[in-house]
Enquirer: 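The structure is given below, and queries will be raised subsequently.
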Amino acid sequence: MTRCYEYGSMRLLLTGAAGMLGHDVAAAAERAGHDVTPLSRRELDIRDAAAVRAAVAAARPDAVINCAAWTDVDGAEAHEPDATALNGAAAGHVAGAAARAGAFTVQLSTDYVFDGTATTPYLESAPTGPRSAYGRSKLAGERAVAEHAPGAHAIVRTAWLFGAHGGNFVATMLRLANERDVLTVVDDQRGCPTFSGHLATALVTIAEQRLGGLRHVAGAGACTWYDLAAATFAATGARVELVRGRTADLDRPAPRPAYSVLHSERSDTPVLPPWQDGLHAYLQLGVTA
Ligand SMILES: NC(=O)c1ccc[n+]([C@@H]2O[C@H](COP(=O)([O-])OP(=O)(O)OC[C@H]3O[C@@H](n4cnc5c(N)ncnc54)[C@H](OP(=O)(O)O)[C@@H]3O)[C@@H](O)[C@H]2O)c1
């Protein structure tokens with residue numbers, strides 16, 4: 001059954017509400033007139049299944065958007081069981097409690113579920129093959145949510161997020177431009193930079209309209225990290241020499257997908273503005289690192 005809240009407000013429970021995306025989802029839902037219960041990690045640790053059930057019983061939500069996650073990609077390599085407990089099993093707790101209460105779950109996932117070897121955009125039907133512990137933990141979450149909330153969930157894969165309420169690549173570039181004369185940025189990873197403010201609005205729409213199943217939702221277009229840095233410096237007038245770098249030279253614990261452009265093959269998936277518009281919307285907020 002499709003429920004639409006166009007003419008009324010829904011009750012929305014938000015986990016991980018103090019995170020970068022969580023902040024923006026709370027704001028977007030409030031702007032849309034919904035009754036939001038935003039719970040930070042301190043207020044609700046989603047690994048505690050009983051606490052999750054109690055929170056759902058108290059909030060009586062129509063929808064739950066789970067923004068809580070282990071997001072330290074490199075740290076997950078040495079702590080995969082912990083990352084999986086949070087991104088996998090705990091995501092299942094949230095979805096199961098929501099489903100039993102008749103609520104729709106929106107779960108966030110990532111481009112890291114793919115192996116990054118494609119040369120054309122990844123659609124929802126593309127085979128997964130995560131190469132990092134983080135990617136495997138998020139894929140475990142996708143499976144747990146599908147198992148615990150069959151027919152009552154959306155899994156939204158997104159990528160390369162930047163927003164006003166969390167550390168992100170654009171903020172880091174602006175900080176480094178103030179500290180250095182020359183910056184080397186990798187030019188061999190291609191993806192979809194996504195403004196979390198744009199994504200947040202789409203997530204609220206997905207919850208309102210119960211747009212179920214797998215969904216790829218990311219900033220339109222694609223570029224490399226080098227391109228994103230260049231666009232950031234062009235827009236802000238930062239005076240720094242930008243040099244093209246290679247991922248292999250960074251020697252980070254977790255492998256990064258070389259190519260992780262996301263497209264949706266589903267006509268009712270909300271389409272985000274181009275990543276350049278997201279960058280400008282973010283820069284207009286005047287956030288400094
Ligand atoms: N950032 C990206 O580029 C990106 C790309 C693709 C997908 N995603 C996905 O998008 C979602 C939101 O990411 P984000 O960028 O907003 O991350 P974030 O800023 O790190 O937010 C995650 C939030 O989860 C909270 N959290 C951690 N452990 C928790 C627990 N046990 N119980 C409840 N809350 C807990 C964190 O609290 P503390 O800060 O107190 O630990 C934090 O507030 C995640 O599912 C992520 O995997 C992100």
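Just so you know, ligand 1 is whichever comes first in the structure, and atom 1 is the first atom listed for that ligand.
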Enquirer: Any nitrogen or oxygen of Asp45 lying under 3.5 Å from a nitrogen or oxygen in ligand 1? Just yes or no.
Expert: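 Yes, there is a polar N/O contact under 3.5 Å.
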Enquirer: Is atom 39 (O) of ligand 1 touching the protein, meaning some protein heavy atom lies under 4.0 Å away?
Expert: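 Given the 4.0 Å cut-off, atom 39 (O) of ligand 1 does not count as touching protein heavy atoms.
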Enquirer: In the protein, what heavy atom is nearest to atom 32 (N) of ligand 1, and what distance, to one decimal place, separates them?
Expert: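 Residue, atom and distance for the closest contact: Ile46 N, 3.0 Å.
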Enquirer: Give the single entry among Ser109, Gly16, Ala69 that approaches atom 44 (C) of ligand 1 most closely by any heavy atom.
Expert: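 When every heavy atom of Ser109, Gly16, Ala69 is considered, Ala69 comes closest to atom 44 (C) of ligand 1.
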Enquirer: Can an N or O of Met20 be found at a distance shorter than 3.5 Å from an N or O of ligand 1?
Expert: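 N/O-N/O distance below 3.5 Å exists for this pair.
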Enquirer: Taking distance alone, no hydrogens or angles, what donor-acceptor pairs closer than 3.5 Å link side-chain atoms of residues 160-169 to residues at least two apart or in another chain?
Expert:
from: Asn168; atom 1: OD1; to: Val170; atom 2: N; distance (Å): 3.0
from: Asn168; atom 1: OD1; to: Ala171; atom 2: N; distance (Å): 3.0
from: Asn168; atom 1: ND2; to: Gly163; atom 2: O; distance (Å): 3.1
from: Asn168; atom 1: ND2; to: Gly166; atom 2: O; distance (Å): 3.0
from: Asn168; atom 1: ND2; to: Tyr282; atom 2: OH; distance (Å): 3.2

Enquirer: In the single-linkage hydrophobic clustering (I, L, V, M, F, W, Y; side-chain heavy atoms under 4.5 Å), do Val145 and Phe104 co-cluster?
Expert: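 Shared cluster, no.
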Enquirer: Ligand 1 versus Arg42, non-hydrogen atoms closer than 4.0 Å: side chain, backbone, both, neither?
Expert: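 Looking at Arg42 and ligand 1, no heavy atom falls under 4.0 Å.
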Enquirer: Are any of the N/O atoms in Asn66 less than 3.5 Å from those in ligand 1?
Expert: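 Between Asn66 and ligand 1, no N or O pair is found under 3.5 Å apart.
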Enquirer: N/O to N/O below 3.5 Å, does that happen between Leu86 and ligand 1?
Expert: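 No: no nitrogen or oxygen of Leu86 is under 3.5 Å from one in ligand 1.
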Enquirer: Report yes if Gly22 has an N/O atom closer than 3.5 Å to an N/O atom of ligand 1; otherwise report no.
Expert: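 No - when backbone and side-chain N and O of Gly22 are compared with those of ligand 1, no distance drops under 3.5 Å.
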Enquirer: Looking only at protein heavy atoms, which one is nearest to atom 21 (O) of ligand 1, and how far off is it?
Expert: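 Sorting protein heavy atoms by distance from atom 21 (O) of ligand 1 puts Gly19 CA, 3.4 Å first.
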Enquirer: In this structure, which one of Leu14, Leu39, Val106 forms a side-chain contact (heavy atoms from CB on, under 4.5 Å) with Cys67?
Expert: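 The side-chain contact (heavy atoms from CB on, under 4.5 Å) with Cys67 is passed solely by Leu14 among Leu14, Leu39, Val106.
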Enquirer: Given 3.5 Å as the limit, does a donor-acceptor pair link the side chain of His34 with the main chain of Glu30, or not?
Expert: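 No: the side chain of His34 does not pair with the backbone of Glu30.
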Enquirer: By number and element, which atoms of ligand 1 are closer than 4.0 Å to a non-hydrogen atom of Leu44?
Expert: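 This gives 32 (N), 33 (C) as the contact atoms.
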Enquirer: For atom 34 (N) of ligand 1, what is the nearest protein heavy atom, given as residue, atom name and distance?
Expert: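 So the nearest neighbour among protein heavy atoms is Ala68 CB, 3.3 Å.
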Enquirer: One thing to verify: whether Arg143 and Glu147 come together as a salt bridge, which I'm taking to mean a side-chain N less than 4.0 angstrom from a carboxylate O.
Expert: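 Arg143 and Glu147: not salt-bridged.
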Enquirer: Which part of Ala17 is near ligand 1, with near meaning a heavy atom under 4.0 Å away: side chain, backbone, both or neither?
Expert: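 Answer for Ala17: neither.
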Enquirer: Can you measure from OH (Tyr226) to CG (Asp188) and round to the nearest 0.5 angstrom?
Expert: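 If I round to the nearest 0.5 Å, the distance is 13.0 Å.
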Enquirer: Tell me which protein heavy atom sits closest to atom 16 (O) of ligand 1, plus the residue, atom name and distance to 0.1 Å.
Expert: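 Among all protein heavy atoms, the one nearest atom 16 (O) of ligand 1 is Leu21 N, 2.8 Å.
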Enquirer: For atom 13 (O) of ligand 1, grab the closest protein heavy atom and report residue, atom and distance to one decimal in Å.
Expert: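 Nearest protein contact, heavy atoms only, for atom 13 (O) of ligand 1 is Thr71 CG2, 3.9 Å.
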Enquirer: How far is atom 47 (O) of ligand 1 from its nearest protein heavy atom, and which residue and atom is that?
Expert: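 Looking only at protein heavy atoms, the one closest to atom 47 (O) of ligand 1 is Tyr134 OH, 2.7 Å.
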Enquirer: Going by heavy atoms in the side chains, are Leu86 and Arg47 under 4.5 Å from each other?
Expert: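 Yes, their side chains come closer than 4.5 Å.
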Enquirer: Check each atom of ligand 1 against the heavy atoms of Ala18 and keep those under 4.0 Å away; list them by number with element.
Expert: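 Selected atoms, number and element: 43 (O).
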Enquirer: List ligand 1 atoms under 4.0 Å from Lys138, heavy atoms only on the residue side.
Expert: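 Those atoms are 44 (C), 45 (O), 46 (C), 47 (O).
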Enquirer: Without swapping roles, check the side chain of Thr194 against the backbone of Gly219 for a donor-acceptor pair under 3.5 Å.
Expert: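 Yes, the answer is positive, given that a donor and an acceptor are paired below the 3.5 Å cut-off.
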Enquirer: For ligand 1 and Asp111, I'd like to know whether there is a polar contact (N/O to N/O, distance under 3.5 Å).
Expert: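 No, there is no polar N/O contact under 3.5 Å.
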Enquirer: Do Ser9 and Asp35 pair up side chain to side chain, a donor and an acceptor below 3.5 Å, judged on atom types alone?
Expert: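 On atom types as modelled, these side chains do not qualify, holding no pair under 3.5 Å.
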Enquirer: Tell me every residue that passes side chain to side chain contact (heavy atoms under 4.5 Å, CB included) with Val73, counting only those two or more places apart in sequence or in another chain.
Expert: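 Partners of Val73 by the side chain to side chain contact (heavy atoms under 4.5 Å, CB included) criterion, ordered by chain and then number, come out as Tyr112, Tyr134, Ala254, Arg256.
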Enquirer: Considering only heavy atoms from C-beta outward, does the side chain of Val217 approach that of Leu199 to under 4.5 Å?
Expert: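 A side-chain contact under 4.5 Å exists here.
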Enquirer: Does ligand 1 have a heavy atom under 4.0 Å from the side chain of Cys67, from its backbone, from both, or from neither?
Expert: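 Cys67 to ligand 1: backbone contact only, side chain stays beyond 4.0 Å.
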Enquirer: Indicate, with yes or no, if Ile65 and Leu211 share a hydrophobic cluster defined by side-chain heavy-atom contacts under 4.5 Å among Ile, Leu, Val, Met, Phe, Trp and Tyr.
Expert: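 They do share one cluster, since a chain of ILVMFWY contacts under 4.5 Å joins Leu211 to Ile65.
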Enquirer: Please confirm whether Thr158 comes under 4.0 Å of ligand 1, counting heavy atoms of the residue only.
Expert: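 For ligand 1, residue contact (heavy atoms, under 4.0 Å) with Thr158 is present.
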Enquirer: Do me a favour and list the nearest non-hydrogen protein atom to atom 29 (C) of ligand 1 with residue, atom name and distance?
Expert: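 Here the nearest protein heavy atom works out to Arg41 CG, 3.8 Å.
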Enquirer: Would you verify that at least one protein heavy atom lies under 4.0 Å from atom 6 (C) of ligand 1, or report that none does?
Expert: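 Yes, there is a protein heavy atom closer to it than 4.0 Å.
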Enquirer: Please check if the number of heavy atoms outside Asp268 that lie under 6.0 Å from its CG is greater than 12.
Expert: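 Result for CG/Asp268: enclosed.
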Enquirer: Who's the nearest protein heavy-atom neighbour of atom 3 (O) of ligand 1, and how far?
Expert: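 The protein heavy atom lying closest is Leu161 N, 3.0 Å.
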Enquirer: Please determine if Glu124 and Arg266 form a salt bridge, counting it only when a charged side-chain N lies under 4.0 Å from a carboxylate O.
Expert: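 The answer is no: the pair does not qualify as a salt bridge.
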